[in-house]
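Structure first, commentary second.
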Amino acid sequence: MIRKLSLFYDANQVISSMSNQFARQLSLTSFPPNSQNLNSLCSNGQLREALVEMAVQGLEMKFEGYYTLLNECVNRRAFREGQRVHAHMTKTCYLPPMHLRTRLIVFYNNCECLNDAQRVLDEMPVRNVVSWTAMISAYSKRGYASEALNLFLQMLRSGTEPNEFTFATVLTSCSGAWGFDLGRQIHSLIIKTKFESHIFVGSSLLDMYAKAGRIYEARGVFDCLPERDVVSCTAIISGYAQLGLDEEALELFRLLQREGMTSNYVTYASVLTALSGLAALDLGRQVHNHVLRRELPSYVVLQNSLIDMYSKCGNLSYSRRIFDSMPERTVISWNAMLVGYSKHGMGKEVVKLFKLMKEENKVRPDSVTFLAVLSGCSHGGMEDRGLEYFYAMAEGENGIEPELEHYGCVVDLLGRAGRVEEAFEFIKKMRFEPTAAIWGSLLGACRVHSNVEIGEFVGFRLLHIEPENAGNYVILSNLYASAGRWEDVRNVRELMVEKAVIKEPGRSWIELDQILHTFHASDRSHPRREEVSAKVKELSVKLKEAGYVPDLGCVLYDVDEEQKEKVLLGHSEKMALAFGLIATPEGVPVRVIKNLRICVDCHNFAKFVSKIYGREVSLRDKNRFHHIVGGTCSCGDYW
DNA sequence: TTAGGGTTAG
């Protein structure tokens, strides 16, 4: 019957229309093998059988057969099979045309064999823009930015003109230090070759500017695009979010939505990053509902964003619920959850979850995992456990070499435990040059544990490395004040005036019914400012009766004591806290967010508020959460 | 035949 059919029908049509098993029997027994035959087998999903025919039966192959097989190997990421196809070409002395060699580059790229891909390119007698671009893309996708850029330069030198594919690809490798300079030059070339308004090139270009922190240039490119799509809109929104310009990101998202932008899971992940920064829980929930309605929750990236958003908004149990319900987790899912526990000072949970991660053994911890674990131990008051992890890491137990940031965590760990001298010795022995962040961490420890001797050394070192950072002057001055060295306090202040150091303006906010109420120090712009000021004054009187003493050491201005107290009462977090007390019913927890590290006086103020008013105060500063209940803070007064 | 945006980080 089969043979009969073959008389009337094209053999390949017959094979294509039959079941896999039937087709296999048919092709291996009934017909002489040829390239079209292979095509049919591949379309039936029988790659192996096609290869058997090719190799065992010594089939003479031509372009079409090789191309079919290779395509199948690319689609399936079948590394071994693809290698056999390539080997067959060499063995039979077949010289593949440019088209096929380019496909080989793509195949090796898909199988993460960049050396093989490069070899194919090197052996090409003639290359065109497509083969160059395929190889540039291979490097940039695997994170080899300098190789990608070098290859692009080689391509230009060879006289090959880049096209829109090349520009869109090469710009993704321009985010590094020297990449950006080259990126600007590439931008000139793009203008010259009139590819600037191409949507793929444009979104790659604006992303390059955004990643270099040049958001105005990025916006300029975006505004000039003749058309927009979901990728270009997401690129500009995430550009703002990644730079911490959260309100701008949110505003643009709303604007583009009104203009009819479509969103996908990447857009929502970027918006959630902005909402995490703002700690806007109500808005975050709204996005979550939207994601659920659009049936997008199966995207791991989106779930990771949700874990992060809920934890940064203070709602860790939601984060954990999402984490537990995930069918698959990446290392970022684990890291986001660990960072969540760490920022909330829950050291025991960090250790427990890390143990679970190791027991499950599905995902390998990376360097961020260890940062989260070490800082979790530090914030959670588990110094010894943290040190154990670090030394195990340093001995190569986990296959991850400790980096500068991990050393920074250890300085933090030792400093918190009051082991200031040990932390100092540790820094001296480090294989890295200590950065301002490391010295800053030690200076903080010196302030908390009143170690003026080391603190003075570290402070001056820090003022030398980072003279523009006002925070260092503040801590050093606090340290002198705690030791009663008023003359030195004055000197630090004078130095600050001399260097014309500008303090980053403090800003605190509170979210009520999806609206963010923001307060700046001595700000008069809020519609209920009179009420808020009156409330702060009332609080000051009540708290003083209960034992609150304003910490005047927190004020750097050289003014009299009464003025200093006024300055302290004008701090933004006190206004936000007072507004929270006025605007929410009694007994409801108040959640305040601050852009900088909270000052000692405001921390103490919040502790008294929680005790006197019976309110739970959750305060998120630049570094971590402070959960204040009944006058006690989860940070143990060290932050 | 080649292409752009994304999640964690003391």
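Order of the sequence lines sets the chain letters (A, B, ...), proteins ahead of strands, with each chain counted from 1.
- Between A:Glu164 atom CD and B:dT1 atom P the separation is 14 Å, expressed in whole Å.
- Listed nucleotides B:dT8, B:dA9, B:dG5 differ in distance to A:Ala336; the shortest reach to its side chain belongs to B:dT8.
- Distance from the side chain of A:Lys343 is smallest for B:dG10 among the nucleotides B:dT8, B:dT1, B:dG10.
- Contact check, A:Lys141 against B:dT2: no side-chain N or O comes under 4.0 Å of OP1 or OP2.
- Here A:Arg254 does not pair with A:Glu251 in a salt bridge; the nearest charged N to carboxylate O distance is not below 4.0 Å.
- Set against B:dG10, B:dG6, B:dA3, the side chain of A:Asn623 has B:dG10 as its closest nucleotide.
- Remark: P of B:dT1 and CG of A:Asn75 are 13 Å apart, rounded to the nearest angstrom.
- Comparing B:dT8, B:dG4, B:dG10 by their nearest atom to the side chain of A:Ile332 picks out B:dT8.
- When distances are taken from the side chain of A:Arg103 to each of B:dG4, B:dT2, B:dT7, the shortest belongs to B:dT2.
- Judged by atom type and distance alone, A:Ser203 reaches the base of B:dG4 through a side-chain donor-acceptor pair under 3.5 Å.
- Other residues, nucleotides and ligands contribute at most 12 non-hydrogen atoms within 6.0 Å of the OH atom of A:Tyr299.
- Among the protein residues, A:Asp366 comes within range of no part of the nucleic acid, since none of its heavy atoms lies under 4.0 Å from any strand.
- Taking a 6.0 Å sphere around NZ of A:Lys428, one finds it holds more than 12 heavy atoms contributed by other residues, nucleotides or ligands.
- Ranking B:dG5, B:dG6, B:dT8 by closeness to the A:Asp308 side chain, first place goes to B:dT8.
- Counting only heavy atoms from C-beta on, A:Ala168 has its side chain closest to B:dG4 among B:dG6, B:dG4, B:dT2.
- For A:Asn264 against B:dG5, a side-chain N or O and a base N or O form a donor-acceptor pair under 3.5 Å.
- Counting distance only, with no hydrogens placed and no angle test, the side-chain atoms of A:Tyr265 and the base atoms of B:dG6 include a donor-acceptor pair under 3.5 Å.
- Look at CD1 on A:Ile136: it is 14 Å from P on B:dT2, rounded to the nearest Å.
- When each of B:dA3, B:dT7, B:dG10 is scored by its nearest atom to the side-chain atoms of A:Cys409, the top-ranked nucleotide is B:dG10.
- Remark: A:Tyr144 OH is loosely packed, at most 12 non-hydrogen atoms of other residues, nucleotides or ligands lying under 6.0 Å away.
- When the nucleotides B:dA3, B:dG5, B:dG10 are ranked by their closest atom to the side chain of A:Ser137, B:dA3 comes out on top.
- For the pair A:Leu404 CG and B:dG10 C1', the interatomic distance rounds to 10 Å; values are reported in whole Å.
- Using modelled atom types and a 3.5 Å distance limit, the side chains of A:His288 and A:Tyr310 yield a donor-acceptor pair.
- The base of B:dG4 is paired with the side chain of A:Asp229 by a donor and an acceptor separated by under 3.5 Å.
- When the nucleotides B:dG4, B:dT8, B:dT2 are ranked by their closest atom to the side chain of A:Thr273, B:dT8 comes out on top.
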